[in-house]
Undergrad: 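Pasting a structure below so you can have a look.
Below, chain A is the first sequence line, B the second, and so on; all start at residue 1.
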Protein chains: 4
Amino acid sequence: MSPRADAARNRARVLEAAQEVFAAEGLGASTEQIARRAGVGVGTVFRHFPTKEALLSAVLAARLETLADEAERLAADGDPGTALFDFLARTVEASGPKVAYADALERAGIGTDQVVAPVRGRVTKAVGVLLERAQQAGAVRDDVAVAQVFVFIHGASRAVPTIADDGVRAATLRMMFDGLRPR
Amino acid sequence: MSPRADAARNRARVLEAAQEVFAAEGLGASTEQIARRAGVGVGTVFRHFPTKEALLSAVLAARLETLADEAERLAADGDPGTALFDFLARTVEASGPKVAYADALERAGIGTDQVVAPVRGRVTKAVGVLLERAQQAGAVRDDVAVAQVFVFIHGASRAVPTIADDGVRAATLRMMFDGLRPR
Amino acid sequence: MSPRADAARNRARVLEAAQEVFAAEGLGASTEQIARRAGVGVGTVFRHFPTKEALLSAVLAARLETLADEAERLAADGDPGTALFDFLARTVEASGPKVAYADALERAGIGTDQVVAPVRGRVTKAVGVLLERAQQAGAVRDDVAVAQVFVFIHGASRAVPTIADDGVRAATLRMMFDGLRPR
Amino acid sequence: MSPRADAARNRARVLEAAQEVFAAEGLGASTEQIARRAGVGVGTVFRHFPTKEALLSAVLAARLETLADEAERLAADGDPGTALFDFLARTVEASGPKVAYADALERAGIGTDQVVAPVRGRVTKAVGVLLERAQQAGAVRDDVAVAQVFVFIHGASRAVPTIADDGVRAATLRMMFDGLRPR
DNA sequence: TATGAATGAGATTTCATTCAT
DNA sequence: AATGAATGAAATCTCATTCAT
């Protein structure tokens, strides 16, 4: 294994550890904790991500990457009338109650972040496709913009995962996104 | 002015400062900052609120108090068909993008907090009345429970205030709560 | 009751409270605690004892006062051969394991304290009498000086009260002071 | 020099500094002061000793370690009739007037401290040997138990070092321990 | 490149002391 | 004279970041 491969592996491990730790402990978790979880020294964390901000950005970018993948897959495969709602449901259900995709989207929306920006473009585009198709299929109101869909994701992935009961959670999620449907 | 009155005034100033600072900087803001904003020494903050947790609880309780007042007022005065939605709109609009009522509700839901618990009862009751009336008036789906209304508030007050444009923000808010209306 | 009498009463209550609190919690106990125990405000404590040091001195002086009383009484009444040892036993037994007369003596020895100095003179004198008589009665070695008796009190009242068992404690105390007897 | 060795050296420096500072200023000395004396940052002190309690425990354990070494050496080498008294004299003379071995023993006796407990066993055992030998040699009363020897050490190391004059100090120490001799 | 010890700024909290009432 | 709220310096402890090995 080349040294490069080793380094790349470490980077990935840190990123994964950071996701887990942030999800479990909130964004205030310490770098040491992340390093321990990744099985590396703190120095290694800082070698790959020069500041905590950078690490956070990378985590968020990774999350957005997943979102983009999901959205692109559904844009390719899915039934136009349901694909957007499938995407929304999956996205929110995949969020933990502590650190949700909400944070990813929130920061992505605010930050002029070099790392996050490009991925953000991808997600926006893919979700845009899902939205347009849903509107053409008459499943979503015509006056909804992509930005608003993100606001829905943000809100829902913050609030809905706090509901413990599976049935109630699913019903609430559906209700919240019903606001997007034509009346 | 008796010393008691002065102390009460100081307590109120600290509380107000805390709300402002938390809103501006997030929940991680330092006690010193709050003291400075309130124009008092750190010691005074700690005299009134013996831990940072206690201060946070007090801030949240104060917010819930406002919510309860609003809900009770609308339960007394308002048009059954619109009062709940008026309440939701006001509540969310009064939330800043950083620290929303969301946090108040989130913590109130989770924490076994002696300070927050009683107020929580009041809000739940008053919103329950608004909800019931709205359902009787046919403005809200019959299968909606109070807890779900709070989830909507939580989500919306986190996400919606991130929208800068007044018109878009209002429209998005309306859409999100449209999910509660019968189809 | 004249205001003077009131003030004097408060002074006495503070002093007593201070003794109790220092004994229970150690010398680090806070002024607030003492005030609470005395049933007065902190301000009153500071009116009577302008610094914590001053309060401490007063407590120590009061203790030394008690010692002096005891020593003088025994010098008047007691059997020359046993009076000194009676005095030592009482003094040490009256010490708690936390804050012993040891501290009083230690500080009295070191401090150039205006409050403590005069009482110190009284104790020294009275114990000196007890010592001299004991020596004349052949109960104590001739080469013992008063200062050394105080060292014995200091050490014993620090260490001996840590023994829980009454019998063992008494025996140990006796042994320690046996060092003062002629061989 | 490996980083481990350096770290160990720093740990030792901190421990040594703590001993000096505690001896000079009393147990209330601040962590900053200790750090300064050790020539390291505060963070380093806390890295090695996560609480002030832990640092204190370590200091006490180190002192007991020294005591144990001394006692074991004398148990191996010394003249049965004098070894115990040599040990006592050295121990007390090595104590400063501010923080004596007294504190170590006091705390060791009281605390259920994981750090101090094991060393305590060693000292007790070694002093037990010295005591038994002294008793067999007729130099110490038969009814003295090890616990009582520690009470003597405690008392003497608190009180005796307050005597400035070398001759008087030695004489007083001898007298105090003479209580242990048969009459 | 990786490690983890060291750093020190900053956060929370306590407490002797002051001072307006 | 008494009260207790206010003050702020100082103490303990945390953590992002640096750097010697």
Side-chain angles (χ1 to χ4, degrees), chain A residues 3-4 6-7 10-11 28-36 39-55, chain B residues 1-11 14 28-33 35 38-55, chain C residues 2-4 6-8 10-11 28-36 39-55, chain D residues 1-11 14 28-33 35 38-55:
Chain A
R4 291 246 175 100
D6 235 30
N10 266 346
R11 208 196 108 100
S30 81
T31 313
E32 289 256 355
Q33 230 173 132
I34 292 164
R36 233 182 351 260
V40 302
V42 236
T44 303
V45 175
F46 278 89
R47 164 166 290 275
H48 290 294
F49 307 97
T51 63
K52 211 193 178 189
E53 267 293 300
L55 177 54
Chain B
M1 202 183 324
S2 84
R4 289 262 168 84
D6 236 32
R9 170 123 78 190
N10 259 345
R11 207 196 110 103
V14 169
S30 86
T31 311
E32 288 254 353
Q33 232 173 129
V40 301
V42 233
T44 302
V45 175
F46 280 93
R47 162 168 282 271
H48 290 294
F49 307 97
T51 59
K52 214 198 174 188
E53 266 295 299
L55 178 55
Chain C
S2 79
R4 292 245 175 100
D6 234 32
N10 266 346
R11 209 197 107 101
S30 81
T31 313
E32 288 256 354
Q33 229 172 133
I34 291 164
R36 230 177 359 255
V40 302
V42 236
T44 302
V45 175
F46 279 89
R47 165 165 289 274
H48 290 295
F49 307 98
T51 62
K52 211 193 178 186
E53 267 294 298
L55 177 55
Chain D
M1 201 184 326
S2 83
R4 289 263 168 86
D6 235 32
R9 170 124 78 190
N10 259 346
R11 207 196 109 102
V14 168
S30 86
T31 311
E32 288 254 353
Q33 232 173 129
V40 302
V42 232
T44 302
V45 175
F46 281 94
R47 162 169 282 271
H48 289 294
F49 307 98
T51 59
K52 213 197 174 186
E53 266 296 298
L55 177 55

Undergrad: Whether B:Thr31 contacts E:dT12 is assessed here as follows: a side-chain N or O lying under 4.0 Å from the phosphate OP1 or OP2. Is that the case?
TA: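 Yes, within the criterion.
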Undergrad: Closest to the D:Arg47 side chain: F:dA6, E:dG4, F:dA2?
TA: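 Among F:dA6, E:dG4, F:dA2, the one nearest the side chain of D:Arg47 is E:dG4.
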Undergrad: To the nearest Å, how far apart are D:Glu32 CD and F:dT14 C1'?
TA: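 In whole Å, F:dT14 C1' and D:Glu32 CD are 14 Å from each other.
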Undergrad: Of the listed nucleotides (E:dT12, E:dC15, F:dA2), which one gets closest to any side-chain atom of C:His48?
TA: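 Of the options given, the side chain of C:His48 lies nearest F:dA2.
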Undergrad: C:Phe46 has a side chain; which of E:dA11, E:dT18, F:dA11 sits nearest to it?
TA: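 Nearest to the side-chain atoms of C:Phe46, counting from C-beta on, is E:dT18.
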Undergrad: Working to the nearest 0.5 angstrom, can you tell me the gap between C:Asn10 CG and C:His48 NE2?
TA: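 The distance works out to 5.0 Å.
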Undergrad: What is the distance, to the nearest angstrom, from the CG atom on B:Leu55 to the P atom on E:dT13?
TA: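 That distance rounds to 10 Å.
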Undergrad: Mapping D:Gly41 and C:Ser30 onto DNA chain E by nearest heavy atom, which one lands closer to the 5' end?
TA: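 Closer to the 5' end of DNA chain E: D:Gly41.
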Undergrad: How many whole angstroms separate atom CD of A:Gln33 from atom C1' of F:dT14?
TA: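 Value for this atom pair: 12 Å.
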Undergrad: Check every strand shown and say whether A:Thr44 touches a base, only sugar-phosphate, or nothing at a heavy-atom separation below 4.0 Å.
TA: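 Answer is base: heavy atoms of A:Thr44 come under 4.0 Å of a base.
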Undergrad: With the side chain counted from C-beta on, respond yes when B:Thr51 and B:Phe46 share a heavy-atom pair under 4.5 Å apart, and no when they do not.
TA: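 No, too far: nothing below the 4.5 Å cut-off.
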Undergrad: Using a heavy-atom cut-off of under 4.0 Å over every strand shown, decide if D:Ala54 touches base, sugar-phosphate, or nothing.
TA: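 Touches nothing.
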Undergrad: Taking the nucleotide of DNA chain F with the nearest heavy atom to each, does A:Ala29 or B:Val45 sit closer to the 5' end?
TA: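 Nearest nucleotide further toward 5': that of B:Val45.
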Undergrad: Considering heavy-atom distances to DNA chain E, does C:Thr51 or A:Gly39 have its closest nucleotide positioned more toward the 5' end?
TA: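 Comparing both residues, the 5'-ward one is A:Gly39.
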Undergrad: Specify the separation, in whole Å, of atom CG of A:Asn10 and atom P of E:dA2.
TA: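 So the two atoms are 5 Å apart, to the nearest Å.
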Undergrad: To the nearest Å, how far apart are D:Lys52 NZ and E:dT13 C1'?
TA: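 Atom-to-atom, D:Lys52 to E:dT13, this comes out as 15 Å.
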Undergrad: Both distances under 3.5 Å, Watson-Crick or G-U wobble: on that basis, could you give the dot-bracket string for DNA chain F, with [ ] for crossing pairs and | for other-strand partners?
TA: .||||||||||||||||||||
Undergrad: Indicate yes or no: at least one non-hydrogen side-chain atom of C:Val42 is less than 4.5 angstrom from one of C:Ile34.
TA: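 No; the side chains remain at least 4.5 Å from each other.
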Undergrad: Which sits closer to the 5' end of DNA chain F, D:Pro50 or C:Gly43, going by the nucleotide each is nearest to?
TA: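 Between the two, 5'-proximity favours C:Gly43.
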Undergrad: Taking the basic N atoms (NZ, or NE/NH1/NH2) and the acidic carboxylate oxygens, is any pair closer than 4.0 Å for D:Arg47 and A:Glu32?
TA: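 Result for this pair is yes, salt bridge flagged.
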Undergrad: Might you point out which heavy atoms bring D:Ala38 and D:Val14 nearest each other, and give the distance in Å?
TA: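 Nearest pair, atom of D:Ala38 first, then D:Val14: CB-CA, 3.9 Å.
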Undergrad: Measure CZ/B:Phe49 against P/E:dT12 and give the value in whole Å, please.
TA: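 After rounding, the reported distance stands at 15 Å.
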Undergrad: What is the separation between atom CD1 on C:Ile34 and atom C1' on E:dT17, rounded to the nearest whole Å?
TA: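 That distance rounds to 14 Å.
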Undergrad: May I ask you to say what A:Val42 touches in the nucleic acid, namely base, sugar-phosphate or nothing, with a heavy-atom cut-off under 4.0 Å?
TA: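 Touches a base.
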